[in-house]
Amino acid sequence: MRVVTWNVNSLRARLERVEEWITEVQPDVLCLQETKLADDAFPGLTFEALGYESAHYGQGQWNGVAILSKVGIDDVVTNFAAGVEPDPDARIITATCGGVRVSCCYVPNGRSLDDDHYTYKLSWLDRLVEHLDRDSSCDADVIVTGDFNIAPEDRDVYDMRKFRNATHVSQAERDRLTALEQWGLSDLFRQHHPDADSLYSWWDYRSGDFHQGRGLRIDLVLGSASVAKRCEWSAIDRNARKGKQPSDHAPVMVDLAG
DNA sequence: ATGGTAGCATCGCTA
């Protein structure tokens, strides 16, 4: 079972590329972030024609998340699970696909360490743990994936000197990833690339950052212990960042046995 | 230190 996360930075602007990519890579489950669509504008029929059921949670203009699945899509939850302080933005959708409980997340950017949006980011990540406590069981097959807007380690950042006093690398943000780890999740890409550095999933559009190798690894696929055990391959498809009108993010893929 | 680009409900905001 192939599970992929991809921040597409506007599904309207990216639909043709996403369709081509799906046809080539044939993921079983595809988690999308930043669709920037209202629910009634989501191209569900286009994906149905490619063999996918889908669920979208959007608000138009900004944010918006979706799950596409060839292996069923059940028990869909939009926003955080009941009992958790709801988020005003459309940033998380959860569904069961092929027996795996999948949460597709678009974590707030944070903007800067002194911005209210940074406080919101930390609160959002605290609520993600509460969401998992209420929605999912760490003993089951669970995937929490998406654009985390956090680089787990310094080696996931092209140049730490450029990130002094910046978001995406702060201890408080990384502590939130540790909390997810303590809940029972691990970084499936890192499991298959334990010694690698300079492997990124996002590159700023500006200044030729992609071609200069200036990126961050901020798109993660986290899996529970049973999922990690089944995970036999993971890669970032940086080819998808090339060519005409790419997203600024590349898809991150994992293959699970069975 | 700044600015660079892309997308949106576009001339300002978000990333």
Side-chain angles (χ1 to χ4, degrees), chain A residues 5-21 30-43 46 56-66 79 87-93 104-125 128 145-152 156-170 172-174 176-177 200-220 236-252:
Chain A
T5 182
W6 194 6
N7 179 324
V8 291
N9 185 20
S10 172
L11 190 53
R12 187 177 280 121
R14 217 70 60 206
L15 185 57
E16 205 174 317
R17 280 194 68 131
V18 171
E19 283 185 75
E20 285 169 16
W21 186 88
L30 176 57
C31 295
L32 301 176
Q33 301 88 38
E34 281 205 89
T35 62
K36 298 186 178 178
L37 295 175
D39 288 332
D40 59 11
F42 181 75
T46 302
H56 179 252
Y57 177 42
Q59 62 186 76
Q61 188 178 13
W62 307 119
N63 311 308
V65 284
N79 210 316
D87 195 68
D89 292 349
R91 293 181 178 274
I92 180 168
I93 186 168
C104 168
C105 309
Y106 176 45
V107 177
N109 174 287
R111 297 180 192 161
S112 65
L113 297 182
D114 57 2
D115 197 300
D116 286 345
H117 205 257
Y118 177 72
T119 313
Y120 165 56
K121 181 180 195 173
L122 298 180
S123 146
W124 199 97
L125 290 158
L128 177 58
T145 187
D147 176 1
F148 281 79
N149 273 312
I150 304 170
D156 300 312
V157 178
Y158 71 94
D159 185 352
M160 280 302 291
R161 291 172 300 183
K162 297 279 199 297
F163 285 83
R164 295 242 168 86
N165 300 312
T167 60
H168 295 60
V169 302
S170 73
E173 289 163 90
R174 287 175 171 173
R176 268 58 182 192
L177 288 184
Y200 309 129
S201 64
W202 171 85
W203 301 260
D204 199 303
Y205 282 121
R206 296 170 285 193
S207 312
D209 276 10
F210 176 66
H211 298 284
Q212 300 293 328
R214 294 189 289 259
L216 302 177
R217 191 173 71 89
I218 55 177
D219 299 274
L220 308 175
I236 300 172
D237 184 7
R238 64 190 300 287
N239 283 327
R241 180 64 175 76
K242 299 177 182 173
K244 284 183 71 174
Q245 287 191 294
S247 169
D248 45 354
H249 295 253
V252 183

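Convention: sequence-line order gives letters A, B, ...; per-chain numbering from 1.
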Quick check: closest heavy atoms across A/H117 and A/P108, and the distance to 0.1 Å?
CE1-CB, 3.7 Å
Nearest whole angstrom, please: distance from the C1' of B/dA15 to the CH2 of A/W203.
16 Å
If every non-hydrogen atom of A/L113 is compared with every non-hydrogen atom of A/E173, which pair is closest and at what distance?
CD2-OE2, 4.4 Å
If only side-chain N and O atoms of A/R111 are considered, is one of them under 4.0 Å from the OP1 or OP2 phosphate oxygen of B/dT14?
yes
Using a cut-off of under 3.5 Å, enumerate the N/O to N/O pairs linking the protein to nucleotides 2-6 of chain B.
residue, atom, partner, partner atom, Å
B/dG4, O6, A/R206, NH1, 3.0

Whole angstroms only, please: what is the CG-P distance between A/N165 and B/dA1?
11 Å
Contacts of A/L11 and A/W202 projected onto DNA chain B by closest heavy atom; the upstream (5') one is A/L11
Which atom pair, heavy atoms only, marks the closest approach of A/C104 to A/A66?
SG-O, 3.5 Å
Let me confirm one number: the CG-OH distance from A/N79 to A/Y57, rounded to the nearest 0.5 Å.
4.0 Å
B/dA1 to B/dA6 separation - P atoms, rounded to the nearest Å:
26 Å
Please classify the nucleic acid contact of A/F210 as base, sugar-phosphate, or nothing, using heavy-atom distances under 4.0 Å.
nothing
Atom CG of A/D219 to atom C1' of B/dA15: distance rounded to whole Å?
13 Å
Considering all heavy atoms of both residues, which atom of A/K121 and which atom of A/T167 are nearest to each other, and what is their separation?
NZ-CB, 4.5 Å
What is the distance, to the nearest angstrom, from the CH2 atom on A/W62 to the P atom on B/dC13?
11 Å
For the C1' atoms, the ones on B/dG4 and on B/dA9, what distance do you get once it is rounded to whole angstrom?
25 Å
How far, in whole Å, is B/dG3 from B/dC13 if one measures between their P atoms?
16 Å
Atom CG of A/D89 and atom P of B/dT14 are separated, to the nearest Å, by 11 Å
How long is the line joining CG of A/D115 and P of B/dT14, in whole Å?
9 Å
Measuring only the P atom in each nucleotide, how far is B/dG7 from B/dT2? A whole number of Å is fine.
27 Å
In whole angstrom, what separates A/K244's NZ from B/dG7's C1'?
17 Å
Show, in sequence, the C-alpha distance, side-chain angles and deciding distance for A/L30 and A/W21, and conclude whether the side-chain contact (heavy atoms from CB on, under 4.5 Å) test is met.
CA-CA 11 Å; A/L30 176 57; A/W21 186 88; 4.1 Å; yes
Can you check the A/E34 CD to B/dA9 P distance for me, whole Å?
14 Å
First encountered from the 5' end of DNA chain B, between A/P108 and A/Q61
A/Q61
Will you find, in the side chains of A/D89 and A/W124, an N or O donor that is under 3.5 Å from an N or O acceptor?
no
